[in-house]
Amino acid sequence: MFLKFKYMANRFLRPNLIHRFSTVSPVGPPTTVIPEILSFDQPKQDVDLDLSDQARLFASVPISTLLRSTAVLHATSIGPMVDLGSWLMSSKLMDTTVTRDLILRVVKGTFYDHFCAGEDAAAAARRVSSVYESTGLKGMLVYGVEHAEDSGACDENIQKFIETVEAAKSLPTSHLSSVVIKITAICPMNLLKRVSDLLRWQYKNPNFKLPWKLNSFPVFSGLSPLYHTTSEPEPLTVEEERELEKAHERLKSVCKRCQESNVPLLIDAEDTILQPAIDYMAYWSAIMFNSDKDRPIVYNTIQAYLKDAGERLHLALRESEEMNVPIGFKLVRGAYMSSEARLAYSLGHKSPVHDTIQDTHDCYNGCMSFLMEKASNGSGIAVILATHNTDSGKLGARKASELGIDKENGRIEFAQLYGMSDALSFGLKRAGFNVSKYMPYGPVDTAIPYLIRRAYENRGMMSTGALDRQLMRKELKRRVMGW
C-alpha cells in the first residue's frame with residue numbers, strides 16, 4: 001500500500017544520479033552489467049511548488065477540519081501515545097464487547113475519520129466527491145481489507161472490490177484516479193507463499209516446470225532475494241491448483257469491470273516472501289487487459305527501498321515494450337523494512353532493503369526519472385509517483401517541467417495517503433499536476449492494521465507529518481488571530 005515507509009532524517013538529494021541496471025536473463029543470474037545514466041540533472045525550468053505559504057496551501061480547508069487534523073497529527077507525534085493506542089487496538093480488550101465498542105467509537109471519531117474515507121463504498125464515494133470539490137484532489141478508492149486465509153474470505157473480498165469499482169463508476173471521471181486491490185485479499189496467504197516459492201525455484205532452475213503458470217513479465221533480477229526458498233518445493237496439489245485458478249478468476253473479474261468502466265486498477269505490494277506471486281499476477285493481468293495504448297488499466301507497484309527494485313523495473317518495462325503491452329507503475333518507497341530485516345537475519349542473510357536511507361532516496365529518484373522519461377516519449381507508460389518526501393515531490397515536478405510533460409494527460413500523477421502530507425498534495429495541485437489521495441474504506445475494526453501503520457509513520461517530531469503539523473498550527477493561529 002502507498003508510501004507506507006517513513007524516513008526520520010533530513011533529506012539531501014544528489015544533483016546528478018547515475019543508476020546501474022543489470023541486463024538479466026529472465027531465468028538466471030546477470031549476464032552483463034550495462035550502466036544506464038538516468039538524466040536527473042536539476043532541471044533548468046522552475047515550477048511553482050511553494051510549500052511555505054500555509055495560507056495559500058490550506059485555503060480550501062475549513063477550520064473544523066484543520067483543528068481535527070492538527071489534533072490527530074499531534075497525537076500521533078507523541079511516541080508513548082502511539083504505543084498505547086496501538087497496544088489497545090491489538091490487545092485482548094478488543095475481545096470484550098463493552099471495551100471493544102468503546103475503543104472503536106474513540107478510534108472512529110479521531111484516527112479513522114482522519115485517515116479513512118468511510119465504512120462502505122457509497123460513503124467513500126461521497127468522501128471522494130467532497131474532497132475533490134473542496135480541494136481539487138482526486139481519490140484512489142480501496143476496500144481496506146488486507147489479508148485472507150481461505151477461499152470463502154477471498155470470495156467475500158472480491159465482491160467488496162467489485163463494489164468499489166461500481167462506486168468508482170458513479171463518480172465523475174474528474175473526481176477519481178483509480179481503484180486499488182490487494183492480491184493478499186483475493187488469494188489465500190499460504191497459497192501466495194507456495195506460488196512465490198515455486199517461482200523462485202524456477203528462477204534458480206530454469207528447467208523446473210510450472211504447468212499452471214500464465215504468460216507474465218520477469219519478476220526477479222540478479223539482485224532479488226531468493227533465500228526464502230532453500231530446497232525444491234513440492235508441486236501444487238490438485239486442490240491448490242484449483243484454488244489458484246479461482247484467484248486468477250477473481251482478479252480477472254475485477255480487471256474486466258475496470259476495463260469496461262475505464263477505471264485504472266492499482267495492485268498493491270507486500271513483503272518479499274509474497275511479492276513474486278503478486279508481481280506474477282499483476283503482470284499476467286496487465287498482458288491480458290492493457291489493450292488501450294493510450295491508458296493502461298492494470299498498474300503494478302515498485303518498492304524503491306528494495307535493492308533489486310531498479311533492475312526488476314527495467315526488466316519488466318523492457319519486456320512490456322518488446323510485447324507491445326502498455327503498462328502502469330505506482331512507485332513507492334516501501335513499508336515492511338522491519339519485518340524484511342527480521343526474516344532475512346533469521347535466515348542468515350542481509351536485509352533486501354537498501355542499507356541507508358539515502359540509497360533508498362537515490363533509488364526512488366532514479367526510478368522516478370527513468371519512468372518519467374519513458375512516459376514523456378509516448379511509450380505507453382503511465383506513472384503514479386506516490387511519495388510523502390517533499391524533496392522527491394519537488395524534484396519530480398521540476399523533472400516534468402524539463403521534459404515538457406503534459407500535466408493533464410494522465411501519464412504522470414502524484415499521490416499521497418489520505419490524511420497525510422496535505423501540504424505536498426496542495427502544493428503539487430497548485431503547480432498544475434494531477435494529485436490523488438489514497439482513500440481506504442471499510443468497517444472501523446477492519447481498518448485497524450492500516451491505522452496502526454499510519455500512527456507509526458507519524459510517530460515522533462521528525463516524522464512524515466511534521467511539515468503538516470507545523471503549517472496547520474501556523475494557519476490556525478493566522479485565522480484565529482485574524483492575521
Side-chain angles (χ1 to χ4, degrees), residues 1 26-27 142-143 145-162 164-165 179-220 224-226 228-259 265-290 297-301 312 316 319-320 323 325 327:
M1 283 196 166
V27 291
V142 53
Y143 178 58
V145 69
E146 302 205 346
H147 299 143
E149 300 298 336
D150 56 53
S151 187
C154 292
D155 288 337
E156 292 177 8
N157 292 338
I158 196 62
Q159 291 307 313
K160 293 295 185 181
F161 287 117
I162 289 173
T164 307
V165 179
V179 297
V180 185
I181 193 169
K182 276 187 166 288
I183 300 298
T184 50
I186 63 170
C187 182
M189 294 281 285
N190 286 338
L191 182 56
L192 286 173
K193 291 178 183 177
R194 290 271 287 126
V195 171
S196 293
D197 278 336
L198 288 160
L199 289 169
R200 273 188 287 264
W201 195 256
Q202 186 186 57
Y203 179 74
K204 293 179 179 180
N205 303 273
N207 293 326
F208 188 64
K209 302 301 181 185
L210 300 176
W212 44 263
K213 187 178 177 184
L214 301 177
N215 192 20
S216 182
F217 300 150
V219 301
F220 299 107
S224 295
L226 304 174
H228 312 80
T229 310
T230 57
S231 59
E232 181 175 338
E234 291 294 323
L236 294 182
T237 65
V238 172
E239 180 61 28
E240 286 174 326
E241 284 201 34
R242 190 178 298 120
E243 284 298 324
L244 182 59
E245 180 56 30
K246 287 181 182 178
H248 285 168
E249 291 303 317
R250 293 184 193 106
L251 182 55
K252 287 178 187 177
S253 69
V254 74
C255 287
K256 189 171 186 293
R257 295 291 185 99
C258 286
Q259 187 181 54
L265 179 69
L266 275 57
I267 295 178
D268 262 342
E270 291 287 336
D271 44 14
T272 55
I273 197 169
L274 303 173
Q275 194 58 42
I278 293 169
D279 283 341
Y280 156 71
M281 294 184 75
Y283 290 141
W284 70 245
S285 58
I287 292 169
M288 192 172 294
F289 291 96
N290 285 359
I297 291 295
V298 179
Y299 287 61
N300 196 21
T301 298
R312 285 191 298 108
E319 189 79 2
S320 75
M323 294 177 64
V325 174
I327 185 70

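For residues 185-196, the salt bridge (charged side-chain N to carboxylate O under 4.0 Å, His left out) pairs, not counting sequence neighbours, are Arg194-Glu240.
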Please list, one pair per line, the donor and acceptor atoms closer than 3.5 Å that link side chains of residues 209-217 to other protein atoms, with sequence neighbours excluded.
residue: Lys213; atom: NZ; partner: Gln202; partner atom: OE1; Å: 2.8
residue: Ser216; atom: OG; partner: Tyr280; partner atom: O; Å: 3.3

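Using modelled atom types, one finds a donor on one side chain and an acceptor on the other under 3.5 Å when comparing Tyr283 with Asn300.
In this structure, the side chain to side chain contact (heavy atoms under 4.5 Å, CB included) partners of Glu149, at least two apart in sequence or on a different chain, are Met189. Among residues two or more places apart in sequence or in another chain, the side chain to side chain contact (heavy atoms under 4.5 Å, CB included) test is passed with Ser253 by Ile158, Ile162. In this structure Asp155 satisfies the side chain to side chain donor-acceptor pair (under 3.5 Å) test together with Arg250, sequence neighbours excluded. Asp197 is linked by a salt bridge (charged side-chain N to carboxylate O under 4.0 Å, His left out) to Arg200, counting only residues two or more places apart in sequence or in another chain. With sequence neighbours left out, the side chain to side chain contact (heavy atoms under 4.5 Å, CB included) criterion links Glu239 to Thr237, Arg242, Glu243. In this structure Asn290 satisfies the side chain to side chain donor-acceptor pair (under 3.5 Å) test with no other residue, sequence neighbours excluded. The side chain to side chain contact (heavy atoms under 4.5 Å, CB included) check on Glu232 picks up Trp201, Phe208, with sequence neighbours excluded. For Thr301, the side chain to side chain donor-acceptor pair (under 3.5 Å) criterion is met by no residue, not counting sequence neighbours. Evaluation of the salt bridge (charged side-chain N to carboxylate O under 4.0 Å, His left out) rule for Glu249 yields Lys252 as partners, not counting sequence neighbours. Under the ring-ring contact (aromatic ring centres under 6.0 Å, His included) criterion, Tyr299 pairs with no residue at all, not counting sequence neighbours.
Looking only at side-chain heavy atoms (C-beta outward), Met288 and Gln259 stay at 4.5 Å or farther from each other.
Atom OG1 of Thr184 and atom CD of Glu270 lie 4.0 Å apart (nearest 0.5 Å). Atoms CG and CG, from Leu236 and Leu244 in turn, are 6.5 Å apart once rounded to the nearest 0.5 Å. In this structure, CG in Leu199 is found 9.5 Å from CG in Asp279, a value given to the nearest 0.5 Å. Taking CG of Leu266 as the start and CD1 of Ile297 as the end, the distance is 11.0 Å to the nearest 0.5 Å. To the nearest 0.5 Å, the span separating CD1 on Ile183 from CG on Leu191 amounts to 12.0 Å. Rounded to the nearest 0.5 Å, atoms CD (Glu156) and OG (Ser151) are 10.5 Å apart.
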